[in-house]
Protein chains: 2
Amino acid sequence: MPRAERERQMVAVAEEIFADRGYLAASMDDIAERCGVSKPMIYEYFGSKEGLLVACIREARTELAKATTESVIGAATPEEALRRGLVAFFEFTDTHRRAWSLMLRSEAAVAGPAAAAEIEAGRQEQVEIDMALFRAFLPETSEVELEAAAQIVVGACERLSLWYVGRDDVTADQAADHLMLALWTGLSSLVRA
Amino acid sequence: MPRAERERQMVAVAEEIFADRGYLAASMDDIAERCGVSKPMIYEYFGSKEGLLVACIREARTELAKATTESVIGAATPEEALRRGLVAFFEFTDTHRRAWSLMLRSEAAVAGPAAAAEIEAGRQEQVEIDMALFRAFLPETSEVELEAAAQIVVGACERLSLWYVGRDDVTADQAADHLMLALWTGLSSLVRA
DNA sequence: GAGTCAAGCTTACCCGGGGTAGGTTACTTG
DNA sequence: CAAGTAACCTACCCCGGGTAAGCTTGACTC
């Protein structure tokens with residue numbers, strides 16, 4: 001099997017095993033066996049166990065960035081853009097649960113500095129997408145304010161997606177609704193209602 | 001040295017080493033040596049490496065829950081309660097950086113299921129504190145709505161604290177301000193400004 | 001004061017799994 | 001067909017989590 005194809009297979013298998021058993025409990029021998037290949041092949045292509053994890057995360061975050069950026073194309077108002085981005089995000093986390101749990105669960109230094117950096121880079125990517133969006137609609141707002149808002153959106157999305165994926169009585173659309181109410185309209189509106 | 005005291009010392013040393021080098025890179029032999037004790041003592045008291053991590057996390061989350069619940073006592077309006085809670089939270093993450101980075105970095109299944117559960121329990125604790133607060137001020141609002149709002153607040157706090165701790169030009173108060181603007185007033189207000 | 005029990009502690013070891021050295025096969029290319 | 005290289009293997013090293021078995025010391029009983 002040619003290298004490129006084998007690498008894709010390895011990433012796919014690793015994603016599944018990492019997500020299932022957790023990074024620590026997954027052994028490289030097992031992954032190799034499931035690929036029908038011996039362990040040194042993985043080391044040849046990915047360098048280390050952490051390297052393999054990084055490859056998995058990178059693939060997931062590339063897909064996520066693609067899905068969210070594409071979703072906001074052509075939105076007329078900031079409200080519409082935000083809502084569309086949220087729905088796309090929640091749909092992604094729902095349909096790509098394995099990939100998403102990898103990005104969440106393999107936090108930082110537990111797997112190693114490279115994996116930590118990859119995950120943080122993924123978040124930062126989302127932050128920058130959000131900032132670009134806000135900046136386009138809100139030219140008057142300061143950069144600090146924009147970044148704070150973007151971080152808030154990313155954090156809220158992350159947490160809410162975990163919550164809604166665990167409940168089958170809430171759809172991606174409803175999750176986006178809740179988030180729009182809180183972030184866009186503001187929680188203060190609940191008091192007056 | 002009596003057991004209780006030794007346990008406290010072990011947790012303190014472990015917290016530091018885990019936070020410094022990361023969970024994987026920290027070896028039990030090193031931790032034992034820094035305690036002036038041999039490895040089996042730690043296993044006697046905490047059962048496993050993961051058990052030791054769980055003890056560290058539990059201590060940190062207990063402190064955090066204490067700080068945030070105490071901060072909102074006596075608040076007259078929901079706005080004041082929310083703001084006070086946020087400030088207390090950001091101050092905690094700033095002054096207890098090691099403990100906080102442990103809670104964030106040792107995500108989920110990477111260390112093992114018990115550690116994952118402990119961290120999720122910590123988040124859920126915060127969610128419930130928030131829900132109780134909201135419920136007190138907003139008796140009309142549905143439980144689903146309350147929980148969604150609480151999840152959003154927790155997620156936004158987590159992310160924003162990481163951001164603000166990394167920037168020395170932002171104070172806990174200002175971080176709380178940004179969050180109040182986004183969550184309480186709503187981002188829509190930026191458009192009209 | 002000898003006997004006993006437990007708490008706190010040790011040395012010396014096992015073994016799974018990440019990572020590597022060095023070689024084999026088989027296909028391309030000049 | 002010789003040379004090179006891509007894809008792959010077996011066999012091994014060794015660190016570090018985890019354990020077995022026993023030592024020391026002090027308190028408490030008879």
Side-chain angles (χ1 to χ4, degrees), chain A residues 1-57 102 105-106 108-116 118, chain B residues 1-57 102 105-106 108-116 118:
Chain A
M1 192 182 293
R3 174 165 185 155
E5 190 182 339
R6 183 66 83 189
E7 280 182 351
R8 276 194 299 276
Q9 181 207 19
M10 285 170 173
V11 167
V13 167
E15 179 183 298
E16 187 180 338
I17 295 192
F18 282 150
D20 273 10
R21 308 185 203 170
Y23 178 75
L24 277 191
S27 90
M28 293 296 269
D29 285 299
D30 287 354
I31 296 173
E33 194 182 345
R34 281 271 290 272
C35 292
V37 129
S38 72
K39 196 168 52 167
M41 284 310 298
I42 309 184
Y43 282 88
E44 175 73 22
Y45 292 162
F46 295 97
S48 68
K49 189 181 186 183
E50 192 186 1
L52 182 58
L53 176 63
V54 166
C56 293
I57 297 170
L102 255 194
R105 290 165 55 177
S106 335
V110 186
E118 190 62 30
Chain B
M1 189 180 294
R3 174 165 184 155
E5 190 181 338
R6 182 66 82 189
E7 281 182 351
R8 276 194 299 275
Q9 180 206 19
M10 285 170 174
V11 167
V13 168
E15 178 183 299
E16 187 179 338
I17 295 192
F18 282 151
D20 273 10
R21 307 184 205 170
Y23 178 74
L24 276 192
S27 89
M28 293 296 270
D29 286 298
D30 288 353
I31 296 173
E33 194 183 345
R34 281 269 291 271
C35 292
V37 127
S38 71
K39 195 169 53 167
M41 284 309 299
I42 309 185
Y43 282 89
E44 176 73 21
Y45 292 163
F46 294 96
S48 68
K49 188 180 186 183
E50 192 185 3
L52 182 57
L53 175 63
V54 166
C56 293
I57 296 170
L102 254 195
R105 289 166 54 179
S106 338
V110 187
E118 191 62 32

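Quick note on labels: first sequence line is chain A, next is B, and so on, each numbered from 1.
Shortest non-hydrogen contact noted between B:Leu52 and B:Met10 is CD1-O, 4.4 Å. Residues A:Ser48 and A:Tyr43 approach most closely at CA-CE2, 3.8 Å, considering heavy atoms.
When heavy atoms are screened at a 4.0 angstrom cut-off, A:Ala4 is found touching no nucleic acid atom at all. Within 4.0 Å (heavy atoms only), B:Met41 reaches at least one base atom of the nucleic acid. B:Phe46 comes within contact range of no nucleotide atom at all, as no heavy-atom separation falls under 4.0 Å.
Atom pair A:Glu33:CD and D:dC8:C1' shows a separation of 16 Å (rounding to whole Å applied). Nucleotide D:dT10 holds its P atom 12 Å from the CG atom of A:Asp29, rounded to whole Å. Atoms CG (B:Leu24) and P (D:dC15) sit 17 Å apart, rounded to a whole Å. Here C:dC14 presents its P atom at 21 Å from CE of B:Met28, a figure rounded to the nearest Å.
Atom CD1 of residue A:Ile31 and atom CD of residue A:Glu16 lie 10.5 Å apart, to the nearest 0.5 angstrom. Residue A:Leu53 holds its CG atom at 9.0 Å from CD of A:Glu118, rounded to the nearest 0.5 Å.
The side chain of A:Pro40 lies closest to D:dT10 when the candidates are D:dT10, D:dA7, C:dG19. Considering only side-chain atoms of B:Arg6, the nucleotide from C:dG19, C:dC9, D:dC8 that sits closest is C:dC9. In the set D:dT10, C:dT10, D:dG17, the nucleotide with an atom closest to the side chain of B:Ser38 is C:dT10. Picking from D:dA7, C:dT10, C:dG18 the nucleotide with the shortest atom distance to the side chain of B:Val37 gives C:dT10. The side chain of A:Pro2 sits closest to D:dA7 out of C:dA21, D:dA7, C:dT10.
An OP1 or OP2 oxygen of D:dA20 is reached within less than 4.0 angstrom by no side-chain nitrogen or oxygen of B:Tyr43.
Formation of a donor-acceptor pair under 3.5 Å by the A:Arg6 side chain with backbone atoms of A:Cys35 is found in this model.
Between the side chain of A:Lys39 and the base of C:dG19, a donor-acceptor pair under 3.5 Å is found.
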